[in-house]
*Asks:* 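Just passing along the structure, written as structure tokens.
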Amino acid sequence: MKHYQTARKARDVRYDGKFFVAVKTTKIYCRPVCPAPSPKESNVSYYSSAIQAERAGYRPCLRCRPESAPYSAAWLGNQALLRKAMNKIEAGELNQRKLPQLAESMGISDRYLRKLFQQHLGVSPIHYANHVRLMFAKQLLHESELSITQVAFSSGFNSLRRFNDAFKQTMRMSPSALRHKLNNLAVDKDNKIAQHNAIRLKLNYRPPYNWPMMQNFLQQREINCIENITRDSYQRTFRYKQATGQFKATHIPTKHQFQIELEIDNLIHLMAVTNKIRQVLDLNSDLNVIEKHLTKDIKLKPLIKQGLRLPACWDAFEAGVKAILGQQVSVKAAYGHTSQLIEELGSTLNDNFKLFPTAQQVMASELDFLRMPQSRKQTLKNFAQWYINNQGENLESILNLKGIGPWTYEYIKLRSGTDSDAYPEKDLGVIKALEKYQLSDPQQWSPWRSYATLHLWNSI
DNA sequence: ACGACAGACTT
DNA sequence: AAGTACATGAAG
């Protein structure tokens with residue numbers, strides 16, 4: 001409590017997103033960095049998450065916009081199941097499907113799922129889903145030019161009526177009232193430049209963020225027909241369920257954020273895609289925590305580069321294809337195979353770009369154009385078939401596929417952006433680095449071995 | 001495992 | 001006067 005007091009008095013950015021300040025007199029809650037005059041200590045109470053402040057009857061501040069605080073869920077501890085459920089909800093899993101289906105996809109009962117939420121968050125899964133949608137809706141109302149009806153569907157509501165109702169209940173004003181208020185409050189001129197049909201958004205992270213290394217990693221693997229990387233931006237095409245589109249993320253280091261320009265042909269997946277972009281750029285992790293842990297290993301310490309993030313592929317399928325095409329060959333040769341595969345099988349998005357092929361497209365092809373051993377082509381097909389059957393869930397079962405061993409499995413985990421503890425111990429780069437720097441105990445890097453691996457790769 | 005109830009959701 | 005965009009009550 002004491003350090004919350006000093007943190008908010010100092011408007012300490014290091015605590016941004018880690019707790020929220022609720023003001024009893026106004027019934028509003030803020031980020032610790034809110035520029036508004038500091039309220040009297042006797043009138044504030046502290047909450048470790050926005051939803052808890054909301055549950056206590058507070059509404060989000062219009063000025064500091066709690067929904068745009070850097071992501072943090074440290075208070076969750078090591079609740080892996082809950083973490084996974086929250087991720088799924090944030091990916092819009094409850095927008096079309098029902099709670100029992102979500103529970104089933106995780107292999108637990110809906111009763112247990114509800115209990116888990118009640119225990120750790122004090123709210124139901126549905127309530128949490130609503131919270132996530134409303135926060136995103138608030139961001140859209142503020143930053144995008146979408147109409148209110150479009151905002152409703154973009155943030156995962158299936159009816160305008162529900163949206164209006166839910167919105168008013170937690171924000172204590174109607175959607176349009178909020179938008180008008182914001183326009184009078186802080187007009188963001190550069191956002192007002194109508195940009196044909198692109199949606200513009202800002203995604204904040206908690207520093208440090210080592211963009212040069214991220215940029216370099218991406219550039220070395222850039223595939224021209226689906227990506228374009230510049231000094232300060234990353235652009236790529238994507239497919240998410242039935243939606244397709246592209247985004248361009250431009251890094252604004254001074255503001256600790258990426259500005260996103262995004263085109264998508266089905267708004268109902270906008271929220272999921274936005275969260276996916278956060279994953280691809282690794283915006284959610286707290287590197288202060290990770291680096292603190294990794295530097296405990298004195299021998300690893302000199303290899304640690306501040307702010308190093310994990311660049312993720314768009315999804316597990318893309319990561320898997322790249323892993324298989326990269327078996328036994330150099331990064332450059334893997335690039336050749338991958339771009340050939342996209343060129344031959346990927347659908348066309350527009351004049352400049354194509355889409356990464358789907359598992360179905362891979363299955364439908366004989367893959368004659370790939371110059372590699374027949375067995376590896378078969379592995380690729382096995383993997384595509386597995387992906388169709390499993391929808392990318394339950395990744396460890398790919399170890400049963402012919403041609404996929406521990407290296408490929410760990411590599412996919414590492415590059416699909418969902419696991420921070422992947423460790424491809426048989427990787428050539430990893431082995432070399434271990435030897436070169438006399439590193440003896442990789443186990444101690446857990447649960448952040450994915451990051452450790454990237455540091456190792458960079459060190460040789 | 002069950003029923004009552006609250007409240008989420010649709011029209 | 002008709003059409004569009006948004007908000008909300010009533011009922012199931």
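Please read these numbers as outputs of a predicted model, since none were measured by experiment. Letters A, B, ... are given to chains in the order of the sequence lines, protein chains preceding strands, and every chain is numbered from 1.
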*Asks:* Would you say A:Q257 and A:Y205 are linked by a side-chain donor-acceptor pair, where the criterion is simply a distance under 3.5 Å?
*Replies:*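 Short answer, no.
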*Asks:* Once you round it to whole Å, what is the distance between P of B:dA8 and CZ of A:F163?
*Replies:*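 Value for this atom pair: 16 Å.
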*Asks:* Is the phosphate of C:dA7, meaning OP1 or OP2, less than 4.0 Å from a side-chain N or O of A:K168?
*Replies:*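 No, A:K168 has no side-chain N/O under 4.0 Å of OP1/OP2 on C:dA7.
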*Asks:* Is any side-chain N of the basic residue among A:R236 and A:E222 closer than 4.0 Å to the acidic one's carboxylate O?
*Replies:*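 No, A:R236 and A:E222 are not salt-bridged.
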*Asks:* When you measure from the side-chain N and O atoms of A:R161 to the phosphate of B:dT10, is any distance below 4.0 Å, counting only OP1 and OP2?
*Replies:*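 A:R161 to B:dT10 OP1/OP2: no side-chain N or O under 4.0 Å.
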*Asks:* Report which part of the nucleic acid A:N158 touches: base, sugar-phosphate, or nothing (heavy-atom distance under 4.0 Å, all strands).
*Replies:*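 Since only primed, P, OP1 and OP2 atoms lie under 4.0 Å of A:N158, the category is sugar-phosphate.
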*Asks:* Can you label the angle between the A:F19 ring and the A:Y46 ring as parallel, tilted or perpendicular, going by 30° and 60°?
*Replies:*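 Geometry flag for A:Y46 against A:F19: perpendicular rings.
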*Asks:* Measure across A:R8 and A:S38 and return the closest heavy-atom pair with its distance rounded to 0.1 Å.
*Replies:*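 In this case the closest contact between A:R8 and A:S38 is NH1-CB, 3.8 Å.
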*Asks:* Can you check the A:L160 CG to C:dA7 C1' distance for me, whole Å?
*Replies:*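 My rounded result for the distance is 8 Å.
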*Asks:* Rounded to the nearest Å, what distance is computed from the CZ atom of residue A:R162 to the P atom of nucleotide B:dC9?
*Replies:*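 One finds 4 Å between P of B:dC9 and CZ of A:R162, rounded.
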*Asks:* Could you tell me the separation between the CZ atom of A:F157 and the C1' atom of C:dA7, rounded to a whole number of Å?
*Replies:*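 One finds 15 Å between C1' of C:dA7 and CZ of A:F157, rounded.
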*Asks:* From CD of A:Q169 over to P of B:dG7, roughly how many Å is that when rounded to an integer?
*Replies:*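 The answer, rounded to whole Å, is 9 Å.
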*Asks:* For A:D110 and B:dA1, what is the distance between atoms CG and P respectively, to the nearest whole Å?
*Replies:*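 The distance from CG of A:D110 to P of B:dA1 comes to 12 Å, rounded to the nearest Å.
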*Asks:* Report the base-pairing partner of B:dA6 (Watson-Crick or G-U wobble, both distances below 3.5 angstrom), or none.
*Replies:*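 The answer is none; no pair meets the criterion.
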*Asks:* Using whole Å, report how far NZ of A:K98 lies from P of B:dC9.
*Replies:*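 Atom NZ in A:K98 sits about 7 Å away from atom P in B:dC9.
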*Asks:* How many Å lie between CZ on A:R114 and C1' on B:dA6, as a whole number?
*Replies:*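 So the CZ-C1' distance, A:R114 to B:dA6, works out to 13 Å.
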*Asks:* Is the shortest side-chain N/O distance from A:T149 to OP1 or OP2 of C:dC6 below 4.0 Å?
*Replies:*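 Yes, A:T149 has a side-chain N/O under 4.0 Å of OP1/OP2 on C:dC6.
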*Asks:* If you check every side-chain atom of A:I126, which of B:dT10, B:dC9, C:dA7 has the closest atom?
*Replies:*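 Out of B:dT10, B:dC9, C:dA7, the nucleotide with an atom closest to A:I126's side chain is B:dC9.
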*Asks:* What is the distance from atom CD1 of A:I342 to atom CG of A:L355, rounded to the nearest 0.5 Å?
*Replies:*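 Answer rounded to 0.5 Å: 10.0 Å.
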*Asks:* Quick one: is C:dA7 close enough that its OP1 or OP2 comes under 4.0 Å of any side-chain N or O from A:S174?
*Replies:*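 Result: yes.
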*Asks:* Look at A:N130 and B:dC9 and indicate whether a side-chain polar atom (N or O) is within less than 4.0 Å of OP1 or OP2.
*Replies:*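 True: A:N130 side-chain N/O within range (under 4.0 Å) of B:dC9 OP1/OP2.
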